[in-house]
Amino acid sequence: MICNKLVRDKIPKIYEADGKTCITENLQAEAYAEKLIELLDAELKDFKDAFNMEDDEQAVKKIADIVEVLYAVLDLIGVPKDSFEKIRLAKNSKFGGYKDGVLLKEIINN
């Protein structure tokens with residue numbers, strides 16, 4: 001079975017423990033970045049599907065997958081998670097979050 005898909009680090013060993021042989025490649029930065037973005041798109045689609053089907057358990061698992069991919073992107077570009085969290089908190093402090101469900105419909109110049 002040809003996969004050509006970026007997978008979590010332990011996946012090949014899991015297959016091998018089941019008696020399968022895995023052919024793998026460690027990607028260089030540019031190809032790795034492309035595959036991470038491709039994976040992020042796929043995980044986001046899977047999350048949307050679960051969310052739309054009101055499968056909360058699966059939706060939460062997909063969120064965990066999305067966060068894992070985002071952490072990999074942060075590592076790739078050299079941003080530590082704690083630095084990212086400071087940026088996130090600063091933006092939250094300045095602009096707020098999304099708790100209130102505010103839909104900005106129009107801005108009128110006076």
Below 4.5 Å, heavy atoms only, C-beta onward: do [X] and [Y] meet side chain to side chain?
{"X": "E57", "Y": "D55", "result": "yes"}
{"X": "D41", "Y": "K45", "result": "no"}
{"X": "D46", "Y": "Q58", "result": "no"}

Review point. Shortest non-hydrogen contact from P12 to T24?
Key: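 Result for this residue pair: CG-CG2, 3.9 Å.
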Check your understanding: Taking all atoms of both residues into account, what is the closest heavy-atom pair of A59 and A50, and its distance?
Key ->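 Scanning both residues completely, I find the closest heavy atoms to be N-CB, 3.7 Å.
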Euclidean distance, [Y] [atom2] relative to [X] [atom1], rounded to 0.5 Å:
{"X": "D49", "Y": "L44", "atom1": "CG", "atom2": "CG", "value": "9.5 Å"}
{"X": "I11", "Y": "L6", "atom1": "CD1", "atom2": "CG", "value": "11.0 Å"}
{"X": "Y32", "Y": "E25", "atom1": "OH", "atom2": "CD", "value": "13.5 Å"}

Just list the side-chain donor-acceptor pairs under 3.5 Å for residues 64-85, sequence neighbours left out, or say none.
unit_1 : atom_1 : unit_2 : atom_2 : d
D65    : OD1    : R8     : NH2    : 2.8
D65    : OD2    : K62    : NZ     : 3.0
E85    : OE1    : R88    : NE     : 3.1
E85    : OE2    : R88    : NE     : 3.1
E85    : OE2    : R88    : NH2    : 2.6

Check your understanding: What's the verdict on side-chain contact (heavy atoms from CB on, under 4.5 Å) for L27 and E34, showing C-alpha distance, side-chain angles and the deciding distance?
Key -> CA-CA 10 Å; L27 300 174; E34 288 176 20; over 6 Å; no
Can you give each donor-acceptor pair under 3.5 Å made by side-chain atoms of residues 98-110, sequence neighbours left out, with the distance rounded to 0.1 Å?
none

Exercise for review: With sequence neighbours excluded, tell me which residues meet side chain to side chain donor-acceptor pair (under 3.5 Å) with E38.
Suggested key: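 Testing E38 for side chain to side chain donor-acceptor pair (under 3.5 Å), a comparison that skips the adjacent residues, returns K35.
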